Each structure stands twice: as structure tokens, then as C-alpha cells.
Amino acid sequence: MSIFNFSAGPAVLPKEVLHGAAEEMLDWHGSGMSVMEMSHRGPEFIEIAATAEADLRNLLSVGSDYETLFLQGGAIGENAIVPMNLLGNEKTIDFINTGEWSKKSIKEAKKYAQVNVAASSEDQNFSYIPGRGRWKLSNNAAYVHVCTNETIGGVEYHWVPDVGATPLVADMSSHILSRPIDVSKYGVIYGGAQKNVGPAGLTLVIVRKDLLDRALAITPSAFHWKEQAEAGSMLNTPPTYAIYIAGLVFKWLLAQGGLAAIEQKNVAKAKLLYDTLDASSFYSNPVRKEDRSRMNVPFQLRDESLDAAFLKGANERGLLQLKGHRSVGGMRASIYNAMPIEGVQALVDYLREFERSHG
Ligand code: PMP
């Protein structure tokens with residue numbers, strides 16, 4: 001039986017990547033060492049990290065006016081690290097509140113700054129992205145923060161907000177590398193790796209170089225972007241094995257044809273699943289169609305007393321980790337880059353079968 005893993009993260013990785021890592025687990029390229037055993041300052045790991053960084057920059061077409069950093073602390077860490085690095089002499093941050101992950105960012109930022117929630121979709125249970133025309137931005141914000149893919153609510157920006165000269169900061173944890181992005185529209189892009197990039201423990205930060213002089217004096221060195229940039233992300237010991245696996249994922253993405261090619265696959269997978277949900281009154285997805293996430297698809301059964309039976313049947317068919325986030329219940333299918341269309345097809349077949357037998 002094929003196994004398909006719909007976890008929201010840590011999440012499925014490409015089989016080719018895992019096989020490749022398994023093969024060189026004990027001896028990386030004839031070095032006689034596992035990557036886990038290498039000094040981060042030795043020539044072998046320096047090569048692994050430099051290749052990973054170059055491949056990431058290539059995939060996202062990152063311009064020379066941006067730094068790409070491989071850090072730790074996760075996206076929740078960044079909720080504090082971003083304000084510390086970007087506040088400078090300003091006191092206010094503008095936030096767009098589109099769901100649970102925005103709320104977490106807002107809560108943390110309040111420890112460091114005055115927060116202006118410039119727009120929110122809480123009025124309709126976070127089922128849409130407020131249009132740019134409704135944003136009430138302040139005129140002296142240090143930056144504008146958005147979460148471009150809400151992993152729990154399943155809403156995604158399919159457009160880039162224009163916020164003028166104020167830096168735009170995006171938490172892209174759960175959809176980075178799922179599509180091409182125009183990095184030059186953002187001041188900072190960050191994300192935990194454990195969804196679409198690699199193992200937990202690695203945090204990606206892409207920051208425009210002219211923003212590197214705004215850090216508060218209290219910023220810890222390990223999280224100080226300028227200090228880390230100057231040290232090639234090796235001011236402290238980086239998460240070496242996670243960087244290595246992410247590097248293999250970058251190579252895999254390049255071999256797939258890059259982000260434009262992977263985007264087409266992601267569009268097809270998401271369409272297959274949403275079309276199936278929409279065609280049935282047994283299942284529902286609450287998100288406004290134009291704002292639906294291609295990566296995280298929450299859905300409810302009409303009768304929630306069937307949830308346990310649905311999940312049991314799914315497990316028996318090798319469709320794993322479909323239980324929705326504990327804060328919202330129901331189901332959630334995360335269909336990241338490494339989820340093949342066959343996995344989505346198997347889920348769709350099961351959705352129809354379960355409806356026939358319980359509808
Ligand atoms: N932001 C988003 C959009 C997320 O999905 C998550 C993790 N689910 C986080 C932030 C928090 O990430 P971490 O656990 O790596 O700190």
C-alpha cells in the first residue's frame with residue numbers, strides 16, 4: 001500500500017531526497033563522515049552550505065541586494081527577532097491579521113512595539129484576505145507584516161500587497177518555494193523549513209541589505225541579521241543536517257524544472273481537491289475561493305460525529321495525518337511540493353467513497 005502523508009509540518013519530503021540522504025548517511029562523498037559529524041567550519045560542510053545557499057538564491061532569483069540567512073529559532077522565534085532587527089527608531093508595526101499565525105506574530109510583537117492592526121478578517125472567521133483598499137496603514141510604521149499563507153485557516157495571498165516605501169515583511173513558512181515569488185517586492189521573507197523546505201530546526205530569512213542597520217542594541221547575536229550575514233550564518237553552529245537536507249530539496253526542485261514547474265503541479269493538485277470538496281454537500285471548505293491556499297486545505301464533514309470514522313478509514317488506506325489543527329477541528333490536507341498528485345487522487349477517491357457509504 002502506498003503511504004501519503006498530509007501533515008502540516010514537519011511534513012512529507014521528496015522520496016528521492018530521503019533515499020539520497022540514506023545512501024550517504026554514513027559516508028558523505030567519500031569523506032568517511034556523516035554530515036552530522038562534520039565541523040561546520042570544515043571544507044566539506046562549507047561546500048554543502050554554500051551550494052544550498054546558491055541553489056536557494058537561484059530558485060527564488062534572489063538579487064544581490066538581499067542576504068539569505070540559515071538560522072534557528074523557527075518562525076515563532078522570528079516573531080520576536082523581526083521586531084528586534086527592524087524597529088530602528090520607529091515604535092509602530094502594521095499588521096494584517098488573517099488568522100492564527102498572524103495573531104501569534106501580533107502577540108509577540110506587542111512585547112517590543114506598538115501594534116496597529118491595519119486590517120483583519122477576524123469578522124468572518126479568517127476566511128478571506130482583506131483587500132488592499134481596506135488596509136489602514138499608519139504613516140510611521142517600521143514595517144508591514146503579513147502571513148502570506150495561513151497554515152491553519154488555509155488562506156493564501158495570491159497577490160503581492162503594495163505598501164509603498166515601508167518594508168513589507170512576510171511569514172512564508174508554509175508556502176515558500178511552492179511558486180515563483182518576486183523577492184524584490186519584500187523587505188524581509190522568513191519561514192520555518194519544516195513544511196516545504198526540509199527538516200525542522202532550520203529557519204530561512206531573506207532580508208534586503210539596506211534594512212540591516214535597524215537592529216535594537218539588545219538583539220542577541222545569534223539572531224542579529226547583520227552579524228549573521230557578516231558571519232555567513234555561522235556566527236553560531238548552524239543546524240547543519242537540516243541545511244544539508246534542505247540543500248538536497250533545492251536540488252530536487254531544480255531537477256523538477258524550478259518553481260514555475262512546481263507551481264503548475266501545485267495548481268493541479270489543489271484544483272483536484274477543491275473541485276471534489278465543492279462538488280459535494282457532504283464536505284465543505286470555508287475559505288473564499290480566490291483566497292484559498294494551494295498548500296493547506298482545511299475541510300469539514302457535514303456531520304462531525306463521523307470525523308473519527310473518517311480518520312480511521314483514511315489511516316487504513318495509508319492517508320495519514322489528516323486531522324485538522326486542534327484549534328479548529330475538522331480535517332486538513334497539506335499538499336506541499338513533495339505530495340505527488342497520486343496522493344491527492346487517492347484522497348479524492350477516499351472522499352467520494354466515504355461520502356457514498358456515509359452520506
Ligand atoms: N507561521 C506559520 C505560517 C506556520 O505555519 C508556523 C508553524 N506551523 C509558524 C509560523 C511557527 O513555526 P515554528 O513552529 O517553526 O516556530
Side-chain angles (χ1 to χ4, degrees), residues 5-13 69-85 93 95-111 120-122 126-129 143-158 161 168-179 181 186 188-206 220 222-223 238-239 241-243 245-246 249 266 287 291-298 321-329 331-339:
N5 175 0
F6 294 92
S7 170
V12 59
L13 286 166
L69 306 177
F70 292 157
L71 304 180
Q72 300 181 68
I76 288 189
E78 289 303 319
N79 286 342
I81 296 164
V82 176
M84 280 196 266
N85 277 277
I93 309 170
F95 275 86
I96 310 306
N97 183 11
T98 49
E100 298 305 319
W101 292 109
S102 298
K103 272 166 53 181
K104 281 214 164 60
S105 298
I106 290 168
K107 189 172 168 216
E108 191 75 6
K110 281 184 175 165
K111 296 178 184 170
S120 169
S121 54
E122 196 158 17
F126 297 122
S127 59
Y128 68 100
I129 306 282
Y143 59 93
V144 181
H145 183 281
V146 291
C147 175
T148 46
N149 187 69
E150 288 279 359
T151 322
I152 296 176
V155 292
E156 179 173 7
Y157 284 74
H158 296 285
L168 180 62
V169 174
D171 174 359
M172 294 198 183
S173 294
S174 49
H175 75 160
I176 193 164
L177 300 182
S178 69
R179 54 162 74 198
I181 46 172
Y186 299 86
V188 177
I189 293 167
Y190 68 87
Q194 68 272 20
K195 295 150 194 313
N196 224 7
V197 178
L202 168 64
T203 313
L204 301 179
V205 176
I206 304 173
F223 301 131
Y241 201 75
I243 291 171
I245 298 284
V249 172
N266 288 330
V287 179
D291 300 326
R292 283 173 165 178
S293 170
R294 291 176 187 159
M295 295 286 103
N296 310 98
V297 183
Q321 309 208 63
L322 283 164
K323 196 172 192 310
H325 190 269
R326 59 188 188 282
S327 63
V328 290
M331 308 297 153
R332 173 174 50 172
S334 295
I335 49 176
Y336 297 120
N337 289 343
M339 171 62 65

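As the structure lists them, so they are numbered: ligands from 1, and atoms in each ligand from 1. These numbers were taken from a predicted model, which means no experiment stands behind them.
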Identity and separation of the nearest protein heavy atom to atom 1 (N) of ligand 1
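For atom 1 (N) of ligand 1, the nearest protein heavy atom comes out as D171 OD2, 2.6 Å.
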Does one side chain, of S293 or H175, offer a donor that lies under 3.5 Å from an acceptor on the other?
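The answer is no; no qualifying pair exists.
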Go through the side-chain N and O atoms of Y336 and N296 and say whether any donor and acceptor fall under 3.5 Å apart.
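Their side chains do contain a donor-acceptor pair, which is all the 3.5 Å distance test asks for.
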Pairs of nitrogen or oxygen atoms closer than 3.5 Å, one from [X] and one from ligand 1: do any exist?
X: G192; answer: no
X: S174; answer: no
X: N149; answer: no
X: G74; answer: no

Does a sphere of radius 6.0 Å around NZ in K323 hold more than 12 heavy atoms from other residues, nucleotides or ligands, not counting ones at 6.0 Å or beyond?
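No, NZ of K323 has 12 or fewer neighbouring heavy atoms, counting only those of other groups under 6.0 Å.
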Which atoms of ligand 1 have any heavy atom of Q194 under 4.0 Å away?
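Once the distances to Q194 are compared, the set is 13 (P), 14 (O), 15 (O).
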Show me which atoms of ligand 1 lie under 4.0 Å from any heavy atom of T151.
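Near T151, the atoms of ligand 1 are 2 (C), 3 (C), 4 (C), 5 (O).
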Just heavy atoms, cut-off under 4.0 Å: does [X] contact ligand 1 by side chain, backbone, both, or neither?
X: I76; value: both
X: C147; value: side chain
X: A75; value: both
X: E150; value: neither
X: K195; value: side chain

Is a donor on one side and an acceptor on the other found under 3.5 Å between the side chain of [X] and the backbone of [Y]?
X: E108; Y: I76; answer: no
X: S7; Y: Q321; answer: no
X: S173; Y: G192; answer: yes
X: N196; Y: N337; answer: yes
X: N266; Y: R294; answer: no

